[in-house]
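Only one structure is covered here, and it is reproduced in the block below.
On a predicted model such as this, the values are computed, not experimentally measured, just so you know. Both ligands and their constituent atoms are indexed starting at 1 by order of listing.
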Amino acid sequence: MTLRPAAWIDELRGSLDNQPLILSPIGDGRVQALVGIDLEAAGRLLLRLEGKDPQGRAHVRKWPIRVRSRRFAVQHLTLPQHMVELDPETATRVSEEAGRLKALWKAVTPERLWRGAFLSPVISGAKPEGFGLRRIINNQPRSPHSGADYKAAPGSVVRAPNAARVALAEEQFFAGNALVLDHGLGLYTIYFHLQDSLVKPSDLVQKGQEVGRVGATGRTTGPHLHFGVRLNGARIDPAALLRLSLR
Ligand SMILES: [Zn+2]
């Protein structure tokens with residue numbers, strides 16, 4: 001969101017449902033904040049802004065923001081039960097891997113590494129598909145598809161959509177070769193099923209840098225890039241991030 005606070009406002013701060021907003025000045029008196037709304041969010045959020053006038057008096061404004069729920073397609077799958085149920089050892093592994101990702105979403109790097117618009121992670125021009133798809137496997141609802149899938153030939157280049165630090169590069173049961181980039185200020189991008197990743201944890205990567213290659217590792221029906229975006233923990237539509245005009 002972009003705001004233009006009164007010119008006399010000093011020490012401007014904001015929050016959305018008690019989550020602090022990181023406001024960056026973008027010129028001619030305007031400030032911008034990236035706000036992520038989770039794919040399953042609905043209802044009312046409270047935007048709160050406060051600042052001080054030249055006499056040091058506090059001014060507070062609040063606006064309710066209505067989030068309309070978005071409808072997503074439903075996919076029913078029938079699989080042999082042995083493919084759905086995990087043996088205890090694998091179940092432990094999967095929950096540890098999920099735990100490592102969850103811990104990342106909570107860690108907010110205070111520095112903003114990204115600059116300007118985000119690039120598509122694949123160059124082929126393929127469209128991201130299937131964000132939010134509600135999957136029902138053998139009549140059991142599963143968590144919705146939290147990323148978007150790009151069809152691409154195995155070995156196709158995956159590039160960093162913006163500058164970042166590598167937060168995770170490891171092989172996981174479902175995700176296969178998984179890579180997570182930390183762009184700072186709570187923004188992460190996620191890459192699953194890679195043939196290989198070309199970077200390692202803590203590496204700094206530049207916008208457009210080749211970070212991996214499309215593959216079919218982990219649980220997948222074929223080669224594609226699963227691309228996800230987290231912003232302060234919210235699972236957001238990658239297409240929405242790529243559409244933003246950012247300064
Ligand atoms: Zn996917």
Subject >> More than 12 heavy atoms from other groups under 6.0 Å of CZ on Arg4 >> reply: yes

Original post:
Would you call Arg93 and Glu97 a salt bridge, using N to O less than 4.0 angstrom?
Top reply: yes

Original post:
Can you list the protein N, O or S atoms less than 2.8 Å from the Zn ion (ligand 1)?
Top reply: His145 NE2, Asp149 OD1, His226 ND1

Which donor-acceptor pairs under 3.5 Å do side chains of residues 131-144 form with protein atoms, sequence neighbours excluded?
residue : atom : partner : partner atom : Å
Asn138  : OD1  : Leu79   : N            : 2.8
Asn138  : ND2  : Leu79   : O            : 2.8
Asn138  : ND2  : Gln81   : OE1          : 2.9

**OP:** Anything under 30° is parallel, anything over 60° is perpendicular, the rest tilted; go ahead and classify Tyr150 against Phe227.
**Re:** tilted

Subject >> Any residue meeting side-chain contact (heavy atoms from CB on, under 4.5 Å) with Leu34, in chain and number order, not counting sequence neighbours >> reply: Trp114, Leu187, Leu231, Leu244, Leu246

**OP:** State which residues pass side-chain contact (heavy atoms from CB on, under 4.5 Å) with Ala178; sequence neighbours excluded, sorted by chain then number.
**Re:** Leu168, Gln172, Ala175, Phe192

